Amino acid sequence: MPTEAQWEYACRAGTTTTFNFGKNIINSDYEYTNLDEIAWYYENSGGQTHEVGQKCPNNWGIYDMLGNIREWCRDWSGNCLEDSVTDPKGPNHGSDRVIRGGSWDDFGNICRSANRGSWPGNWKDKRFGFRLALVPID
């Protein structure tokens, strides 16, 4: 599984906007317009997980980083670092693992590139899954 930093880097795909396809898609009424283009979430999922690749990918061609399922990260949950760092490491131990991305059961405000949460590492739920990450061996 990717670290939390790796997950966010892949999710953002070079963007700094609220959502990973280069748009801040919150209108003046705080509605998440155009989120349907990239994510399955509470408003459009029909209460279920969907096959990957039915929505638009991010700028690097990666599908379903936001919505559909919450994704486990390798890191244990801990406080966010206050200073800007490159590829930060999470705590060495803990009880909760970081989750990212939001799910089909979450409102649009949860399905953001920067949103983070945590759950007990042994939690099982149909809204949770993981993404494999291939890292070169040194």
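Everything numeric here is computed off the predicted structure, so don't read it as measured data.
- Hydrophobic clustering (ILVMFWY, side-chain heavy atoms < 4.5 Å, transitive): Leu35 and Trp104 are in distinct clusters.
- Judged by distance alone, the side chain of Gln6 and the main-chain N or O of Thr3 form a donor-acceptor pair under 3.5 Å.
- Taking CZ of Arg116 as the start and OG of Ser77 as the end, the distance is 5.5 Å to the nearest 0.5 Å.
- The closest side-chain donor-acceptor pair between Tyr41 and Asp36 falls under 3.5 angstrom.
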Quiz prompt | Criterion side-chain contact (heavy atoms from CB on, under 4.5 Å) on Ser45 and His50, from CA distance to verdict | solution = CA-CA 8 Å; Ser45 70; His50 292 268; 4.1 Å; yes
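- Through direct or indirect side-chain contacts shorter than 4.5 Å among Ile, Leu, Val, Met, Phe, Trp and Tyr, Trp76 is connected to no other residue.
- For Asp64 (side chain) and Gly53 (main-chain N/O), a donor-acceptor pair under 3.5 Å exists by modelled atom type.
- To the nearest 0.5 Å, atoms CZ (Arg12) and CD1 (Ile62) are separated by 13.5 Å.
- Considering CE of Met65 and SG of Cys11, their distance stands at 4.5 Å, rounded to 0.5 Å.
- Checked by atom type and distance alone, the side chain of Asp75 never pairs as donor or acceptor with a backbone atom of Val98 at under 3.5 Å.
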Exercise. Decide yes or no on salt bridge (charged side-chain N to carboxylate O under 4.0 Å, His left out) for Arg100 and Glu71, but give the supporting numbers first.
Key: CA-CA 5 Å; Arg100 300 295 297 263; Glu71 295 187 12; over 6 Å; no
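- Nearest heavy-atom pair across Trp7 and Cys73 is CB-SG, 3.9 Å.
- With hydrogens and angles disregarded, a donor-acceptor distance shorter than 3.5 Å links the side chain of Asn58 to the backbone of Ala10.
- Remark: Phe128 engages Arg70, Trp72, Ile99, Trp119, Trp123, Asp125 in a side chain to side chain contact (heavy atoms under 4.5 Å, CB included) (not counting sequence neighbours).
- At most 12 heavy atoms of other shown residues, nucleotides or ligands fall within 6.0 angstrom of atom CD in Glu51.
- Going from atom CE of Met1 over to atom CZ of Arg131 covers 13.0 Å, rounded to the nearest 0.5 Å.
- Across every non-hydrogen atom of Asn44 and Ala39, the tightest pair is ND2-O, 3.0 Å.
- Atom-to-atom distance recorded for Asp106:CG and Cys111:SG is 5.5 Å, nearest 0.5 angstrom.
- Looking only at distances, a side-chain donor or acceptor of Arg97 sits under 3.5 Å from a matching main-chain atom of Arg74.
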Exercise. Quick one: do Thr49 and Trp40 satisfy side-chain contact (heavy atoms from CB on, under 4.5 Å)? Show the steps, please.
Key: CA-CA 8 Å; Thr49 305; Trp40 295 108; over 6 Å; no
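- For Lys55 and Glu37, the salt-bridge test fails: no basic side-chain N is under 4.0 Å from an acidic carboxylate O.
- With Asn115 as reference, Ile110 is the one residue of Ile110, Asn109, Leu66 to meet the side-chain contact (heavy atoms from CB on, under 4.5 Å) rule.
- Remark: Phe130 engages no residue in a ring-ring contact (aromatic ring centres under 6.0 Å, His included) (not counting sequence neighbours).
- Here CG of Asn68 is found 12.0 Å from CD1 of Ile38. Values are rounded to the nearest 0.5 Å.
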